[in-house]
Each structure stands twice: as C-alpha cells, then as structure tokens.
Amino acid sequence: LASWTEQMGFPLLKVVGEKWEDDRVTFELEQSWFLSDGSKLDGDDKKWCIPIITCTEAGTQTDMIFMREKTATIEVPLASKDGWVKLNAG
C-alpha cells in the first residue's frame, strides 16, 4: 500500500508484448509513471504494486496477480483458441 500512499502520481500500465497460443496467452506488461502531457522523466524509478485481474469467456480469473516490478509476464489460460482476454477486469 505504501507505493500508493507515499509517492506522487499514478501508474500507466502497458502491454508491450503478447503471445497467443491455442490454450493460453502470455502478456508482457510494463509500468511507468503516468504524466498527463505524455512526457517521460529521466530517472523514472517509481514502482507501484498493481493488482492484475483477468477475465476471459470462461469468467473472471480467481487468482489476483500483483505486479511489483517495472515489468512482468503473466499467462492467462484460454477456454478456446478463439478466446478473448480483458485485463484489469472488474
């Protein structure tokens, strides 16, 4: 909780890579400090503990993932090869 209460600003979460397979999809995520003008600051070393919840056609994933580092890789199981995924569902 300290990452949300002891530092200024909010995180911007980006999907920087994805790999779709018949039974799962793997996402590469990256967080950065959100600035409304879109600029980037040197030394942007802010990190938040971001809860990641996914949803697919099979329903909401029961396990919540916490992204604590600048980058993370998550794997989401799919019910079918034509499935869909919604990140941060809810």
Side-chain angles (χ1 to χ4, degrees):
L1 194 58
S3 66
W4 290 93
T5 59
E6 296 177 4
Q7 67 183 355
M8 183 174 62
F10 297 97
L12 173 64
L13 187 61
K14 294 180 189 177
V15 176
V16 294
E18 57 187 88
K19 181 181 177 187
W20 291 81
E21 299 178 49
D22 288 345
D23 61 343
R24 66 181 160 271
V25 60
T26 304
F27 292 107
E28 293 176 39
L29 307 174
E30 176 183 274
Q31 65 168 291
S32 60
W33 185 13
F34 172 77
L35 297 171
S36 62
D37 65 359
S39 65
K40 296 205 181 272
L41 296 177
D42 291 335
D44 174 15
D45 58 350
K46 293 179 182 287
K47 291 186 283 189
W48 286 262
C49 180
I50 304 172
I52 307 291
I53 302 170
T54 61
C55 181
T56 67
E57 71 275 11
T60 302
Q61 188 176 359
T62 56
D63 297 336
M64 183 183 300
I65 301 164
F66 288 97
M67 182 177 175
R68 292 180 170 92
E69 299 300 323
K70 288 293 246 183
T71 61
T73 301
I74 64 167
E75 188 174 283
V76 181
L78 297 174
S80 70
K81 67 178 182 172
D82 298 323
W84 53 268
V85 176
K86 180 178 178 182
L87 290 176
N88 277 0

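Computed from a prediction, not measured in an experiment: that's the story for all the values here.
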Under the criterion side-chain contact (heavy atoms from CB on, under 4.5 Å), I'd like the reasoning laid out for I50 against L29: C-alpha separation, chi angles, the key distance, then a yes or no.
CA-CA 11 Å; I50 304 172; L29 307 174; over 6 Å; no
Taken to the nearest 0.5 Å, the spacing of L78 CG from E21 CD works out to 9.5 Å
Side chains of N88 and I52 in contact at under 4.5 Å (non-hydrogen atoms):
yes
Quick one: CD on Q61 to OG1 on T54, what's the gap to the nearest 0.5 Å?
3.0 Å
Please enumerate all residues that pass salt bridge (Lys or Arg N to Asp or Glu O under 4.0 Å) together with E75, with sequence neighbours excluded.
R24
What's the separation between atom CH2 in W33 and atom CZ in F10, rounded to the nearest 0.5 Å?
11.5 Å
Looking at side-chain heavy atoms only, is the closest gap between V25 and T56 below 4.5 Å?
no
Indicate the atoms forming the closest heavy-atom contact of F66 with C49, along with that distance.
CD2-SG, 3.7 Å
Just by modelled atom types, is the W84 backbone N or O under 3.5 Å from a matching donor or acceptor in the E57 side chain?
yes
Contact list for residues 59-72, test salt bridge (charged side-chain N to carboxylate O under 4.0 Å, His left out), sequence neighbours left out:
D44-K70, K47-E69
Does one hydrophobic cluster hold both L12 and I53, with members joined at side-chain heavy-atom distances below 4.5 Å?
no
To the nearest 0.5 Å, what is the distance between NZ (K81) and CG (D23)?
12.0 Å
Looking at Q7 and K46, would you say the former's side chain and the latter's main chain have a donor-acceptor pair under 3.5 Å?
no
Between CD of E30 and OG1 of T73, what distance do you get to the nearest 0.5 Å?
11.5 Å
Hey, does T71 have a side-chain heavy atom less than 4.5 Å from the side chain of V16?
no
How are the rings of W20 and F27 set relative to one another: parallel (under 30°), tilted (30 to 60°) or perpendicular (over 60°)?
perpendicular
What is the distance from atom CG of L13 to atom CZ of F34, rounded to the nearest 0.5 Å?
13.0 Å
